[in-house]
Amino acid sequence: MNLIDAIGSFGFSILRLSTPIIFAALACTVTKKAGLLNMSVEGMMLTAALAGVLVSAVTQSVILGILGAVAAGCAVGLIVSTVNLVGKSELYLTCIAMNLIATGGTTFALYMITGTKGTTFSYLPSLAVPNIDIPLIKDIPLLGRIVSGHSVLTYLAFLTALLTWVLIFKTRLGLRLRSVGENANAAQSVGVSVTRIQTYAYIIAGAIGGLGGAFMSMSYVSWFSREMVAGRGFIGLSANNIANGNPFIALLFSIIFGSADATSNVLQLTDAGMAYFIKMLPYVITIVSMVIMSLLEINRRKKMKQQVVAKAIAELHLEGKDH
Amino acid sequence: MKNVRRIEAIFDFLRIVVAFLIAYGMVLLALVFISKDPMQAIYSFVAGPFTSLRRFGGIIQKAVPLVFTGLGMCFMYSVNRFNVSGEGIFIMTACSTTYLALAMEGLGLPKFVFIPLLLLFAAVLGGLLATIPATINAKLGANIIVSSIMLNYILLFFTQFVLTRLIRDTGVSYTASYEIPVNSRFSEWIPRSGIHTGLFVALLIYVVVVIIFSKTKFGFEMRTVGNNPAFSDNMGIKTIAVIILAQAIGGACAGMGGALEQLAMNTRFQWTELTNHGMNGVVVAVLAKKKPQYILLTAFLMAYIRQGAQVVSSSTDIPAEFITLVQGVIIMMVAAEAFLAHTRNKIIYSGALQEQKKGGAK
């Protein structure tokens, strides 16, 4: 019984820890499909986390808090895309700058509002997103323990994966998004405004990243503390990188990386060294998978080239026979 | 044509100055609005770093690591590869140098042998580490930004693994390694200033890098590859080898910086997070227009405003974090090609018009 309990709570913490990574990965997926690397997801989440706390503390409404977080994420996305597209700067530099601004700005704002540099805990009466039990499933012994009782935002994360897939593959905007990502010049030539589509992509990514930020400060914990996103945006980025723009594979890898996080948390109490070793694994997996994917891609291109050459030779032979 | 090039060069410089001034103005404005005693805050920020020897020493202390990581980024930029592994390499070499110094404590090597040996080790290690993302990018075409950021986190957690498993001093209440041996530490150069002799190593490396860039065949090859890889291929330059080697040297710079920072500034290895030295190196390199000869200047400027922020936060009611915000704004402006581009184009255009008129008069 004890073992089942332990497994149950471990499974529960996997889903809990995966949630921000899922949001981050999906935020990257949307821009990736539009051909852009979203390194600013870290800043989106951090800004949104603070906004969520502030808005919910002022309005005393959870929903407005979440909306505030989403709006803040969108604002960050809009700033990044505007600076990048209008200012003609290199995207990665804009993103790095944005992350710096988010890190410095949130800490600074935190200090100006509460007078402390650390956390809003006990300074601001911010709210938490409620956890919900799923009827029926919650009574199933192990499964109920793992799947039920999560934050609304955790369930929303899975729903967002589905919605992202619908957005990308089943809507007009998604089609344009993909066409811009595949070949911006071709898209432009048939009248798709690349600038506009990429801006949309960044704003949507901001909204999704904003939900991730809201999870951090209104669910994972119920306060904001400085640099609380702590690299989760980058883990999401790598999950998406492995998935290569597929929302469901991004979801899967987010959960795999979330389990590494959960394992590391468990180990932290008994064997801190090993806990750090486990934390390394998601990144190692990412680099290895990048190598493998690149090799496959090179192989595929080589094969394609060979086929084209073989076909051309065959055609030449045919022509030769004709004469 | 010459005229246009001159105007462009002037505007490049002007852009940086204007961006800096705007950011500086923002800080001053912010200080006026939020501080209870704005004059004191502004004075602390602008003049504070020069009010005592120790504070001035703080600028130099902060500038030294930025020189290393900034030079490192110049190598990455010279071959057009945004390899940001300097961040992870910095903490990794600090940690592994600590490990090595502790392991070799018993040998009792004299300082002038021990320290160069440790720095050399750090440079080699940094070079090898930077080669990882460089190689998978150059040979396989994988995204170097993603892979180098991943590498940074791998290295961070690896150092924490080493710290807790191998070199942790359980005798102290906080997480830190054993004290590194005395004969591996840089000494203070000017008493009570905090300026350490590592400064000279930084200056030496700076000179070497500038020479590599401007006077050697390899420097020429790097620039050619960076400007036009197809052309360099046709010229008979081994493009891929140059790309990887340049990044390896860049990694070596960052690696040496990490080791030096550890041996000069800390008696124990106790970093538990990425230190941002690598990212600040990016800032310094971008401000220097990716040219190593300006790194000394931009590293000093960056260290000056950081030191100013520190003085402000210690002598007034404002947290030092606002400087991170300002840094972000500076990069955003400097990175934007369009920033001031309109004015530049107008001046070039009117210059060309005048030239045409002159030509017509003849």
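Residue numbering restarts at 1 for every chain, and letters A, B, ... go by the order of the sequence lines.
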(message) Can you tell me which of D271(A), L295(A), T106(A), I278(A) forms the most heavy-atom pairs within a distance under 4.5 Å of chain B?
(response) D271(A)
(message) Can a donor-acceptor pair be found, under 3.5 Å and without considering hydrogens, that links the side chain of T107(A) to the backbone of T103(A)?
(response) yes
(message) So for F158(B), is it side chain, backbone, both, or neither that comes closer than 4.5 Å to the heavy atoms of chain A?
(response) both
(request) Without swapping roles, check the side chain of Q160(B) against the backbone of W271(B) for a donor-acceptor pair under 3.5 Å. (result) yes
(request) Select one option (side chain, backbone, both, neither) describing which atoms of V286(B) are under 4.5 Å from chain A's heavy atoms. (result) side chain
(request) Pick out which of T159(B), T164(B), T272(B) makes a side-chain contact (heavy atoms from CB on, under 4.5 Å) with Y276(A). (result) T164(B)
(message) As an exercise: rank G273(A), A109(A), S238(A), A272(A) by heavy-atom pairs under 4.5 Å with chain B and give me the winner.
(response) G273(A)
(message) So, applying side-chain contact (heavy atoms from CB on, under 4.5 Å) with P133(B), which one of V84(B), I144(B), N143(B) is it?
(response) I144(B)
(message) L29(B): which residues meet the side chain to side chain contact (heavy atoms under 4.5 Å, CB included) condition with it, sequence neighbours left out?
(response) F33(B)
(message) At a 4.5 Å cut-off on heavy atoms, which part of V282(B) comes close to chain A: side chain, backbone, both, or neither?
(response) side chain
(request) Against chain A, label I149(B) side chain, backbone, both or neither, depending on which of its atoms sit under 4.5 Å from a heavy atom there. (result) side chain
(message) Checking the side chain of R81(B) only, and the main-chain atoms of M76(B) only, is there a donor and an acceptor separated by less than 3.5 Å?
(response) no
(message) Looking at E273(B) and R226(A), is there a salt bridge between them, counting it only when a charged N and a carboxylate O are closer than 4.0 Å?
(response) no
(message) Are more than 12 heavy atoms, taken from residues, nucleotides or ligands other than Y294(B), located less than 6.0 Å from that residue's OH atom?
(response) no
(message) What I want to check is whether the side chains of K62(B) and Q310(B) have a donor and an acceptor closer together than 3.5 Å.
(response) yes
(request) Give me the contact list for residues 93-102 of chain A versus chain B, heavy atoms only, anything under 4.5 Å, ordered by residue number. (result) L93(A), T94(A), I96(A), A97(A), M98(A), L100(A), I101(A)
(message) Using a 4.5 Å heavy-atom cutoff, which residues in residues 20-28 of chain A come close to chain B?
(response) none
(message) On the six-membered ring of F277(A), is R165(B) placed so that its NZ or CZ lies under 6.0 angstrom from the centre and within 45° of the ring axis?
(response) no
(message) So for E297(A), is it side chain, backbone, both, or neither that comes closer than 4.5 Å to the heavy atoms of chain B?
(response) neither
Can you list, pair by pair, the side-chain donor-acceptor contacts under 3.5 Å of residues 36-46 of chain A, counting residues two or more places apart and other chains?
unit_1: N38(A); atom_1: OD1; unit_2: S40(A); atom_2: N; d: 3.2
unit_1: N38(A); atom_1: OD1; unit_2: S40(A); atom_2: OG; d: 2.8
unit_1: N38(A); atom_1: OD1; unit_2: V41(A); atom_2: N; d: 3.4
unit_1: E42(A); atom_1: OE1; unit_2: G233(A); atom_2: N; d: 3.0
unit_1: E42(A); atom_1: OE1; unit_2: F234(A); atom_2: N; d: 3.3
unit_1: E42(A); atom_1: OE2; unit_2: G231(A); atom_2: N; d: 2.6

(request) Would you mind telling me which of L155(B), L156(B), L151(B), I154(B) has the largest number of heavy-atom pairs within less than 4.5 Å of chain A? (result) I154(B)
(message) Heavy-atom pairs under 4.5 Å with chain A - which of I132(B), I145(B), L163(B) has more of them than the others?
(response) I145(B)
(message) Could you check whether Q247(B) and N83(B), counting side-chain N and O atoms only, form a donor-acceptor pair closer than 3.5 Å?
(response) yes
(message) Can you tell me which portion of L91(A) sits under 4.5 Å from chain B's heavy atoms? Options are side chain, backbone, both or neither.
(response) neither
(message) For Y99(B), I'd like to know if atom OH has over 12 heavy atoms of other residues, nucleotides or ligands within 6.0 Å.
(response) no
(request) Using atom types as modelled and distance alone, determine if a side-chain donor or acceptor of S217(A) lies under 3.5 Å from a backbone N or O of F224(A). (result) no
